[in-house]
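Just so it is clear, the model here is predicted, and its values are computed rather than measured. Lettering of chains follows the sequences in order, A, B, ..., and the numbering in each one begins at 1. Only heavy atoms go into these numbers, but all of them, side chains included; no hydrogens, no water, no symmetry mates.
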Amino acid sequence: MDLADYRSVEDFFRRESGHLVAALTRVFGPSNLTLVEDVVQDALMAAMQAWRFEPPRDPKAWLLQTAKNRAIDVLRRERRLVSLPAGLDADVELAGTVASALSPTEETASQLAMMFSICDDGLGQETHVTLILRWLCGLSPHEIAGAFLVATQTIDRRLHRGRARLAELRRLRDVDDADEMRTREPSVHQALYLLFSEGYHGSDPTHPLRPALCTDAIRLAELLLAGRATDHVQAHALAALFCFNAARLPARLDDAGVFLPLSDQDRTRWDRSLIDRGVIHLAQASTGERLGRWHLEAGIACEHAIAPSVKETNWDRIVDHYDQLLLLNPSPVLALNRALAVAELRGLEAGRAALVALANDEKLAGYPFFWAARADIERRAHRPAEARPLYERAVSLSRSRAEREAYQRRLDRLGV
Amino acid sequence: MPKFMYIFRGGAFVTPGLSPTEMQAHLAKWQAWAGALTKQGRSSGGHPLHNGGKTIRGQDRVVTDGPYAESKDLVTGSLVLEAASLDEATELALGCPVFEMGGSLEVRPVAATDDEAAGGPR
């Protein structure tokens, strides 16, 4: 998949599903989401049916017209059965309301309204991501279950909770209300961050990378920039972070599907257009006064993305950014990454000391990358006997073939 | 060249719960298969049908909503193509994506009325 062209027609059905669900939920009201899903499913099925011998001149216009007609039919039919938002009682109003909700000018606002309604305090982060994947990215419960490596019933339960919570709202959140937007914004950012991470180092052992999820996260982060009441500075920083990391996806696996460490990645395979896009976002994120988590993480990702080699990377700035990040948000995984940057900046012994200091952390103890990182340092310091058991531990904890073989390969090359 | 009609029944178009990605991937297969027939100059496109409609039956012209067939037997479209023989038309049909989701395809010779094709298909 071409990551740079995230508007590619390849995911046309998925993207339009997200657009239509959001737009029609604004008309039908959040309590009638099931009805909305039926209308969207019908419209997409009709498109698959009708376009199979010859696509229409303007597929999007065709699909919107079909969805509009079905929505009006369903609203007329269900009017007495379900409680619809006020103002949908007269036929003239009904057609006009549906048409304006589906107009191009409302496309961004609808999806923002959906995203901010989903990221509700009453629901957990995992549920936020699940609902975003379902209603904004057009994944089926089965596909979401595959991405998270959980049972489809678990996903169904999250969707059920989400539907119930949304049903309590009379209408979707008002995207022009700054107060409503600002209180939910951190949850939205966090959900998009999780969505991106799932694509970048996902839990699926057979598909360790899921570029489509990264592409969705970029698309939705850039959607925030079209909002009138959203925090554009933070959104630019988040989008920059996603672009820099997504740029490196094409080089993360070798031809055998095994993870490559940064030092072995072919940097000519990094996506220049995404790096450029990240640089533009980061420049626009720098207009604010607050240096937040996304700025610091994007700053680190930027230094990696623009460096010609590991050696010629600005490790000084990277360590500084990690120090600031740890002050904002102490996390063992951040501390691990900081230790690796310290090894590059101040030498292997300094890096080793920083890593060993983390050895008692329970979370890191179960994290194969931690043991591999320690092994790498020993190997580079010419202590293969020390490296061996550490690599073996990394191999035994690995969650995917891509990961396991990467460590096994380094273990095999130790030569002791 | 003799003409044949493909009559498609059931398949993805009557399968509930397909995801947008599955629908788009399935659509792409249809377009590749039907597109190849057009490119070879054998067909000028098919006739996709929506699932609804009316049925009219009997002396009394009783009109009812929708075709009554079970979903696997529901006619979902047709396509007319040129082929040298019924065997060739059948062979060309084997690559049709309708079979992927439990659908079926009927190959029927179009009865010609011009002199050349008189006598039916060979």
Side-chain angles (χ1 to χ4, degrees), chain A residues 1 8-21 34 37-38 40-56 59-60 62-63 66-67 69-70 73 77 133-147 152 155-156 159 210-213 215-216, chain B residues 5-40 42-53 65-67 71 74-81 93 95-101 103 105:
Chain A
M1 186 180 75
S8 70
V9 290
E10 217 173 297
D11 57 2
F12 175 85
F13 272 55
R14 235 159 46 73
R15 275 188 299 109
E16 284 310 317
S17 165
H19 166 215
L20 290 173
V21 167
T34 309
E37 288 181 296
D38 289 347
V40 175
Q41 183 76 6
D42 277 359
L44 291 173
M45 283 289 272
M48 171 175 70
Q49 172 93 299
W51 303 356
R52 68 196 204 269
F53 302 115
E54 195 184 353
K60 181 153 179 162
W62 190 103
L63 186 62
T66 302
N69 294 344
R70 301 219 168 196
D73 285 349
R77 193 187 70 208
L133 283 170
R134 178 77 189 115
W135 292 322
L136 287 153
C137 305
L139 267 67
S140 70
H142 182 71
E143 288 164 343
I144 301 170
T152 305
I155 299 301
D156 284 336
L159 291 171
R210 296 184 158 258
L213 300 186
T215 309
D216 281 329
Chain B
M5 181 183 274
Y6 289 161
I7 300 162
F8 309 103
R9 295 180 194 272
F13 317 108
V14 294
T15 304
L18 292 179
S19 76
T21 302
E22 288 168 332
M23 288 190 234
Q24 191 167 349
H26 190 70
L27 173 64
K29 287 180 185 167
W30 270 94
Q31 288 176 342
W33 176 76
L37 293 178
T38 308
K39 222 168 166 184
Q40 293 162 15
R42 290 180 182 278
S43 99
S44 52
H47 294 282
L49 300 177
H50 285 308
N51 290 349
D65 278 341
S71 65
L74 185 72
V75 175
T76 53
S78 69
L79 180 146
V80 171
L81 83 161
C96 179
V98 77
F99 307 111
E100 288 188 6
M101 297 191 203
L105 188 158

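Heavy atoms closer than 4.5 Å to chain B are found nowhere in A:Pro141, neither backbone nor side chain. Looking at B:Leu49, only its backbone comes within 4.5 Å of chain A, counting heavy atoms on both sides. Neither the backbone nor the side chain of B:Ala25 comes within less than 4.5 Å of any heavy atom of chain A.
Counting heavy atoms from C-beta outward, A:Gln41 and B:Met23 have side chains that approach closer than 4.5 Å. Side-chain contact between A:His142 and B:Ser19 is absent, with no heavy-atom pair separated by less than 4.5 Å.
Ranked by heavy-atom pairs shorter than 4.5 Å toward chain A, the options B:Gly35, B:Ala12, B:Gly77 are led by B:Ala12. The choice from A:Glu143, A:Arg52, A:Arg14 that makes the most heavy-atom pairs within less than 4.5 Å of chain B is A:Arg52.
Here the CD-CG distance, from B:Gln24 to A:Leu44, works out to 9.5 Å after rounding to the nearest 0.5 Å. A distance of 8.0 Å separates OG1 of B:Thr38 from CD of A:Glu54, quoted to the nearest 0.5 Å.
Sorted by first and then second residue, the pairs that involve residues 43-52 of chain B and meet side chain to side chain donor-acceptor pair (under 3.5 Å), not counting sequence neighbours, are A:Gln49-B:Asn51.
Here the shortest heavy-atom pairing between B:Pro48 and A:Ala50 reads CG-O, 3.5 Å.
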